[in-house]
Amino acid sequence: MNRRSLLQGLSFSMLAAKLPGASSLYGQAEGPQAAPSRRIAANDRVNIGFIGPGSRGQELIRQLLRTPGVEIAAQCDVYEPRFAEVNEMVGKKVPAHRDYRELLQRKDIDAIFIATPPVFHASYAIAAMKSGRPVYCEKTIGFTQEDSQNVVDAVRKTGQVFQVGHQMRYASWIRDSIERVHQGEIGEPTQVYGYWHRSDNWRREAPNPSLEHLMNWRLYRESSGGLLEELGSHHIDIANWVFKERPQTILGASSIAVYHDGRTVGDNVQAVLGYSKGRRMFFSSITDNGLMADQLWIYGTEGSLQITLEDATFYKQTSKTITEASHSDVVQKGVATGASYSADSAMPYRGPGDRLQAKPGEDATLTACKSFVECVRSKQQPFANVEVGFGSAIACSTGRAAVYEERVAKIPQLPA
Ligand SMILES: NC(=O)c1ccc[n+]([C@@H]2O[C@H](COP(=O)([O-])OP(=O)(O)OC[C@H]3O[C@@H](n4cnc5c(N)ncnc54)[C@H](O)[C@@H]3O)[C@@H](O)[C@H]2O)c1
């Protein structure tokens, strides 16, 4: 799909074309006018400018309100009803702007949060960094390959603190269990399987038809990488973390199996990502059956790890050894070899696991927000830094074509 076809007859594209600074697919953002940012002392309040306080944005604001030393100082959205929602959460009238460039012009903003749809992430993040502000940007950091590279370049050039919204990296049970994987607890991890299955059509009620694409941007290819990007990016990031590298290839498939409602992204997706030494990540998302829910399995040569949103469990059984059958066994039960079916060897492992749990009241998004604010004060790059963001974003933007065309695509690597 080329830029011209994207811009023809697509209402989100028309909306995006009217808006400043959508993804490089829509043209680069206009250069921001630099507003000098102030020095933040250890005890100073950090004033946040928030761009895109929709569903995820409001969750981030909720957690920022629980973060000491933070003020929601300005907001920006193209959908005005958001302003009252934010004011109600914050408990006061937060200065509001319809254009992100006005927000960046303010002198009282120390850091920027971006939670718009992904087509705007790269341009807005780059403009914010150029204006002298650290950025917390929701995943994925770029919609196109070029976007993600541009964000990395901007961080390298400006030296700004940049954190991506991969909050799973801030969950204690996930961090601790992956550290144990890195220490060799399940041997060599060779496979990561991510399931994100739901029973939910992913559609939002639009107040009127003109708002369909603004509300349901996730359902249309011009504004969304579908389930691979919206859900799979988190799991791909976990695989990158486990394997300590970014994937080299992606093989994908997708279809509309249930929701024939005009959407152009699939309602299910499967992807296989290739890492060095033959290691693999498999991601599956379906939307008409939530049985598997959101979980990852990390399989190693000496054990397995299951990760969910509240715990992580190590299992030590890797495979079942099939012993040589005695003559009497053969007479009684038939011959069993590892190469053929046997109920004894083919039943799932149901033994005990070693479980790590979330701490009482722990919230990974809150930890991610607190950590970002600390990084803003100390000028340290966060754990979920721009290279982490690049790793999931580049796989997803490359994977889009692979999924739609059901083929393998080579994932570009990050130049040093
Ligand atoms: N980290 C996570 O777990 C997580 C969870 C959900 C969503 N997300 C990400 O957060 C982002 C937002 O998702 P969402 O579900 O909140 O979407 P949403 O549609 O609910 O919210 C997006 C908001 O951005 C506003 N907006 C759109 N274009 C804008 C523009 N040009 N300038 C300013 N505001 C604009 C919309 O009006 C809306 O209020 C996406 O990138 C998504 O992938 C991350």
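Both counts, for ligands and for their atoms, begin at 1 and track the order of listing. What's counted below: heavy atoms across the whole structure, side chains too, no hydrogens, waters or symmetry copies. Positions are given from 1 along the sequence.
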Would you tell me which option among Asp77, Thr140, Thr116 has the nearest heavy-atom contact to atom 25 (C) of ligand 1?
Asp77
Check: of Met215, Glu138, Glu80, min heavy-atom distance to atom 1 (N) of ligand 1 comes from Glu138
Is it the case that Arg82 places NZ or CZ above or below the six-membered ring of Phe50, under 6.0 angstrom from the centre and within 45 degrees of the axis?
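Geometry flag: not set, cation outside 6.0 Å or 45°.
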Between Phe372 and Phe113, does the ring centre distance come in under 6.0 Å?
yes
Do you know which two heavy atoms are closest between Val265 and Trp202, and how far apart they sit?
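Distance-wise, the nearest heavy atoms are CG2-CZ3, 4.4 Å.
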Could you check whether His166 and Ser392, counting side-chain N and O atoms only, form a donor-acceptor pair closer than 3.5 Å?
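Present: a donor and an acceptor within the cut-off.
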Residues 186-197 side chain polar contacts: donor-acceptor under 3.5 Å, at least two apart:
from: His197; atom 1: NE2; to: Ser284; atom 2: OG; distance (Å): 2.7

Show your reasoning for whether side chain to side chain donor-acceptor pair (under 3.5 Å) applies to Asp288 and Tyr259.
CA-CA 9 Å; Asp288 58 332; Tyr259 305 114; over 6 Å; no
His235 vs Asp294, side chain to side chain donor-acceptor pair (under 3.5 Å): CA-CA, chis, key distance, verdict:
CA-CA 9 Å; His235 286 197; Asp294 174 9; 2.7 Å; yes
Within a distance under 4.0 Å of any heavy atom of Gly165, pick out the atoms of ligand 1 and give their elements.
1 (N)
Ligand-residue contact atoms, ligand 1 with His234, heavy atoms, under 4.0 Å
1 (N), 2 (C), 3 (O)
Which segment of [X] sits under 4.0 Å of ligand 1 when only heavy atoms are counted:
X      : answer
Glu59  : neither
Tyr100 : neither
Arg204 : side chain
His121 : side chain
Arg218 : side chain
Glu230 : side chain
Arg82  : side chain

Contact between ligand 1 and Phe120 is defined here as a heavy atom of the residue under 4.0 Å from a ligand atom; is it met?
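Phe120: in contact with ligand 1 (<4.0 Å).
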Report yes or no: does Gln58 have a heavy atom closer than 4.0 Å to ligand 1?
no
Kindly determine whether Ser276 and Glu245 satisfy side chain to side chain donor-acceptor pair (under 3.5 Å), including the steps that lead there.
CA-CA 8 Å; Ser276 67; Glu245 64 178 14; 2.9 Å; yes
Under 3.5 Å, side-chain donor or acceptor atoms of residues 136-143 against the rest of the protein: list the pairs with distances, not counting sequence neighbours.
from: Glu138; atom 1: OE2; to: Arg56; atom 2: NE; distance (Å): 2.9
from: Lys139; atom 1: NZ; to: Glu230; atom 2: O; distance (Å): 2.7
from: Lys139; atom 1: NZ; to: Glu230; atom 2: OE1; distance (Å): 3.4
from: Thr140; atom 1: OG1; to: Gly142; atom 2: O; distance (Å): 3.4
from: Thr140; atom 1: OG1; to: Glu229; atom 2: OE2; distance (Å): 3.1

